[in-house]
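Only this structure's heavy atoms are used, side chains among them; waters, hydrogens and symmetry mates stay out.
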Protein chains: 2
Amino acid sequence: MSVATVSRALRGLPNVAASTRRRVVEVAAELSYAADPAASRLAAGRTSTVTVVVPSLSGWYFANIVAGVEAVCAEAGYDVLVVGIGSSHDLSRILSKAYHLERRTDGLVVIDIAVSDEAAASISARGVSLTTVGRVTDGVSSLRVDNVQVGRIAADHLADLGHRRLGAIGGEQDEPLGFEVSRLRVAGFADALARRNLSFDPTLVEGGNYSVDGGREAMVALLDRAAPPTAVFALSDEMAFGALMALNERGLSPGRDVSLIGVDDHEFSRVVGLTTIRQSVTDHGSAVARLLLHAMEAIRAGSAPPVTHLVPPVELVVRSTATRN
Amino acid sequence: MSVATVSRALRGLPNVAASTRRRVVEVAAELSYAADPAASRLAAGRTSTVTVVVPSLSGWYFANIVAGVEAVCAEAGYDVLVVGIGSSHDLSRILSKAYHLERRTDGLVVIDIAVSDEAAASISARGVSLTTVGRVTDGVSSLRVDNVQVGRIAADHLADLGHRRLGAIGGEQDEPLGFEVSRLRVAGFADALARRNLSFDPTLVEGGNYSVDGGREAMVALLDRAAPPTAVFALSDEMAFGALMALNERGLSPGRDVSLIGVDDHEFSRVVGLTTIRQSVTDHGSAVARLLLHAMEAIRAGSAPPVTHLVPPVELVVRSTATRN
DNA sequence: GACGCGAGTGTAAGCGTTTACAGGAAACGG
DNA sequence: CCGTTTCCTGTAAACGCTTACACTCGCGTC
């Protein structure tokens, strides 16, 4: 029996007699033989590897996205490589990584990092499939929540509760990763208020850096205003937790003295009763992984990869930190 | 100039004239050339890849460990593969994965999963380095916190505060991953009490499944006892958060009505003022990655890999949920 | 001035697959 | 019964590196 036949049998290719295949599979199992991945990759030119590029691996949001991607890709037989670009905001590291990734991966999931058209073109020219989360690039499948909608939901809820003086805790100007998200959410927030003929004071937006500490400081800054807001929209639950700390420190009660709404439905939001806007992050990871798998399948089949833009729904979760004014 | 010279120059091997090397590096940069990883792996037999095997990728603890490992390994030029074994408790999946890993990785970091002596032997026989976190196997470098000590610190703190009727929220019998940890922490807890001639009622231990919900239910069960404990040791912060929920639901105040101490110093512990025992999980990841790098270096050099067992310190963090009885 | 030596470079044989191509046997139609 | 077609299997050429080995210098040595 030749190596070619074995290779064909083990990979499920056609043109192998059923009896032959059975024997091959049997013996392979017995010897616990499996093709050397490096040799396969070299010969076939495909790596059976998917790479997730992510700003950071710790942090609730990224960890959950990666978990979703990993589950689906592993299930489909792909190895999952992770690349954290760390706090180094310089794109060069990402690009050099992406460059190294060249012959290293069949697919790329890029999370919350802007991919320029040229970068996307160069990646696709190398035969690597690309999908993004949180950012969209022309011609690249992506998944993102409708952040404008998120802002609107928050504003509508707070306005329905009778709040009129509203503040927000968002990203910061010099924050490459989170700023775009902040901009959209705040825009939606302001837009929904405008539709109700309510005014939104843009000076009542404080940067919170998407961290607990940042959220705390932002809330302190808001409380120190001459006329503090009666309700605050924190653009992430983590910042909302910080805001809760600030309220506690001042002896203020969330929901009674100041209403607060977050975004994410982090698992600890339940613990503190945080009203929030839920996004199912792990599901997002799974969904984008499936997008990627389809694209890779298409490329392998020689057809043009489909371009799909997923916009999963978000959902208001009412708890106790936002109450009637 | 021959391919051999280029190969040697680019990899920094000796026996290359400085001038030659300079030119090669220069031209390579210009053409943005880099060796095809698959071909290198096939020819050299090494993969420059490290694999992290972890029960789950979401969850604070695992995400942070993986982040620490990734940072160090990426820095050292290794690709980082992640394998989540999911909720499937069956070892077969792990083993089949490990088997597939055979020619796929130079090093393995196994987190909170027991590795049998035979499995360790078979892995090392394949030339793959192995380090573990949370579990120790003979002859395998590892990192684990002293869980007995963790239990003692908790008991000492609560006892110092005058508490005499103590409960605990831990893992469960049928929980393959967490039970060992629970056993040790509870043992340390009981031991420290015994040293003070205080009694510990083992029926006052409820299983909390290392989840928020589990912690909540465990606390409910404890509160429903005829004689509830005045202080509770939650074996993880996440369970402690659940316990806090249960207290809130009953209108009880943590620290005043029931004292509570957790383990981890999760970033939200600060938010709720949870007294806890800190472990620096990301640092643990970095440390175990360095252990692995050393082992792989030794193997490459032909020497026997050093076996080191790291036991990083833990630290009591006093906040407001545990107070004088 | 022949010799040995070491530094630097080139040659070529793998590494273990995949895959185009060729070949051979069985089945089928005329 | 012979020529086709259809299936299956084998042969061998890549794939792009690494590395043992051979080789060529230029130099110091006796």
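Here the shortest heavy-atom pairing between A:Tyr210 and A:Gly171 reads CE1-CA, 3.7 Å. Taking all atoms of both residues into account, the shortest heavy-atom contact from A:Arg103 to B:Pro37 is CB-CD, 3.8 Å. The two residues A:Arg21 and A:Leu13 come nearest to each other via the heavy atoms NH2-O, 2.7 Å.
Residues B:Arg126 and B:Ser122 have side chains that bring a donor and an acceptor to within less than 3.5 angstrom of each other.
A donor-acceptor pair is defined here as one N or O able to donate and one able to accept, closer than 3.5 Å; such a pair exists between the side chain of B:Thr132 and the backbone of B:Arg135. Judged by distance alone, the side chain of B:Asp106 and the main-chain N or O of B:Thr47 form a donor-acceptor pair under 3.5 Å. Side chain of A:Asp264 to backbone of A:Ser236: no donor-acceptor contact under 3.5 angstrom is found. In this structure, A:Ser141 contributes its side chain and A:Pro306 its backbone to a donor-acceptor pair below 3.5 Å. A donor-acceptor pair is defined here as one N or O able to donate and one able to accept, closer than 3.5 Å; no such pair exists between the side chain of A:Thr131 and the backbone of A:Leu291.
Bending across the helix from C:dG1-D:dC30 to C:dG30-D:dC1, expressed as the angle between its end axes from five pairs apiece, amounts to 40° (10° rounding).
A 4.0 Å heavy-atom criterion places the boundary nucleotides of DNA chain C facing chain B at C:dG8 to C:dG16, written 5' to 3'.
A close approach under 4.0 Å does occur between a side-chain nitrogen or oxygen of A:Thr20 and OP1 or OP2 of D:dT9.
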Given side chain to side chain contact (heavy atoms under 4.5 Å, CB included), test A:Leu310 with A:Val288 step by step and report yes or no.
CA-CA 8 Å; A:Leu310 255 35; A:Val288 79; over 6 Å; no
Any chance you could list the contact pattern along nucleotides 12-27 of chain D? Use B for base contacts, S for sugar-phosphate-only contacts and - for none, protein heavy atoms under 4.0 Å, 5' to 3'.
---BBBSBB-------
